[in-house]
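Worksheet: one structure, shown below.
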Amino acid sequence: YLDKPAIQEKSIGFAKFIADGYRLELNGKVLTGQVMDLQIFAADKQSRFTNREEIKSSFTQRWLFQSDQRQYVGDAVIDIQIRYPTINPEGEIRFSSVLPSNLPKDTFIANLFIGYDGDKQSVTRVTGQFSDPIVLNPSRLSAIKAFVAHGFDHMLSGFDHVLFVLCLTIGAASLTGLLWRVTGFTLGHTVTLIAGFFGYVPKSAWIIPMVEIMIAASIIYVAVVAIQKAATRATFVITAIMGLLHGFGFSFLLSDLLGRDSLHLVTSLLSFNLGIELGQLFIVLLIFVTLLSLARINPSVKNYCTNAIAIGSMVIASWRVIERIPGLLEVI
């Protein structure tokens, strides 16, 4: 439990101990923060903290010290007010953490930064512990670079997406067929990436687990098509429909990286999609060139490899469908 008398006696020192775990830089120079105030709430007593008025209101209360109730440390919420004096506030602002990064892997930290320039407000939402600095007021060029990298990394690290594109590529009978498949997938996921990011999706708790199950099911479909070597004229349409599912998956991640009030919103959104396309193109070219080389060496080896990849992908995707069904049933 919290030691209230000790916190009340040394509240500024306690706040400084926490504040020293974070670093604010302006144009590469580390700013020294001055702790102004500290508030501690029970989780169910904390006031909202999403705009100037709510923040000011939060520091007018003294819940911890007005209550005789014992406060368990695991249910405590801390608000700290820190002032960073600077002569010239113009320039690139970076924020990072120097706290030990030893939290469990399954711990999810959501961070919300609200910036004000006069009455103009910008919002940045990022997940993580900030062992690497984040730029809070990026230039347009910095935003492009960052979100292209985010999109590219997500495409290559998203196991379901990689398996889908892999099976999509090995099932194409020709370069023309491959281009139609990739185009359909691109159009599909672009539409739902944008729609999902702006909230044009159901708000029910079942939507995310359902989409994850359908994405895994889409891998099974393209794997079967790759084994049967039976592409049809409807392949473009079907691939576009499946792209819609994957686009929702992309939008869930983007919502954690980009707020609707963020700086360079449209640029960042398009850059993220471009990064996904570059990651997709990288996979397609790598696999297509490899299969082309195998076909020239020995066509039967190529067929054996494509069938092995498709069967392996189908088995993995089937298992992912099975293991995700309980999660869906819990929220229906």
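What you are looking at is a predicted structure, and each value in this text was computed from that prediction instead of being measured.
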Quick test of your reading of the model: are Glu92 and Arg94 salt-bridged, counting only N-O distances below 4.0 Å?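 Between Arg94 and Glu92 there is a salt bridge, with a charged N closer than 4.0 Å to a carboxylate O.
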
Could you measure the distance from the [atom1] atom of [X] to the [atom2] atom of [Y]? Nearest 0.5 Å is fine.
{"X": "Ile207", "Y": "Leu328", "atom1": "CD1", "atom2": "CG", "answer": "10.0 Å"}
{"X": "Ser313", "Y": "Leu168", "atom1": "OG", "atom2": "CG", "answer": "11.5 Å"}
{"X": "Ile144", "Y": "His264", "atom1": "CD1", "atom2": "NE2", "answer": "9.0 Å"}
{"X": "Asp153", "Y": "Ile276", "atom1": "CG", "atom2": "CD1", "answer": "11.0 Å"}
{"X": "Leu269", "Y": "Ser251", "atom1": "CG", "atom2": "OG", "answer": "10.0 Å"}
{"X": "Leu178", "Y": "Leu291", "atom1": "CG", "atom2": "CG", "answer": "10.0 Å"}

Work out which heavy atom in [X] is nearest to a heavy atom in [Y]; give both atom names and the distance.
{"X": "Ile213", "Y": "Val321", "value": "O-CG2, 3.9 Å"}
{"X": "Gly249", "Y": "Val211", "value": "N-CG1, 4.2 Å"}
{"X": "Tyr84", "Y": "Thr32", "value": "CD2-C, 3.9 Å"}
{"X": "Arg181", "Y": "Cys167", "value": "NH1-O, 4.4 Å"}
{"X": "Pro85", "Y": "Gln34", "value": "CG-NE2, 3.7 Å"}
{"X": "Thr169", "Y": "Val165", "value": "OG1-O, 2.8 Å"}

Determine whether the aromatic ring centres of Phe197 and Phe272 lie less than 6.0 Å apart.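 Ring centres of Phe272 and Phe197 not closer than 6.0 Å.
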
Donor-acceptor contact present, side-chain [X] to main-chain [Y], <3.5 Å:
{"X": "Gln39", "Y": "Ser58", "value": "yes"}
{"X": "Thr190", "Y": "Leu187", "value": "no"}
{"X": "Thr192", "Y": "Leu244", "value": "yes"}

Evaluate side-chain contact (heavy atoms from CB on, under 4.5 Å) for Ile238 paired with Met242, printing each intermediate quantity in order. CA-CA 6 Å; Ile238 295 173; Met242 293 181 176; 3.8 Å; yes

Step-by-step side-chain contact (heavy atoms from CB on, under 4.5 Å) determination, Lys4 to Ile40: CA-CA 10 Å; Lys4 293 184 181 181; Ile40 301 180; over 6 Å; no

State yes or no: do [X] and [Y] share one hydrophobic cluster built from I, L, V, M, F, W and Y residues joined by side-chain heavy-atom distances below 4.5 Å, directly or via other members?
{"X": "Trp206", "Y": "Ile325", "value": "yes"}
{"X": "Val289", "Y": "Leu294", "value": "no"}
{"X": "Leu38", "Y": "Met36", "value": "no"}
{"X": "Leu285", "Y": "Ile309", "value": "no"}
{"X": "Met210", "Y": "Ile322", "value": "no"}

Are any non-hydrogen side-chain atoms of [X] and [Y] less than 4.5 angstrom apart?
{"X": "Met214", "Y": "Phe248", "value": "no"}
{"X": "Ile82", "Y": "Tyr22", "value": "no"}
{"X": "Thr267", "Y": "Phe147", "value": "no"}

side-chain contact (heavy atoms from CB on, under 4.5 Å) between Ile241 and Val237, intermediate numbers included: CA-CA 6 Å; Ile241 293 173; Val237 176; 4.1 Å; yes

Does the side chain of His246 pick up a donor-acceptor pair with the side chain of His161 at under 3.5 Å? yes

Criterion side-chain contact (heavy atoms from CB on, under 4.5 Å) on Met155 and Ile283, from CA distance to verdict: CA-CA 9 Å; Met155 183 68 223; Ile283 297 171; 4.2 Å; yes

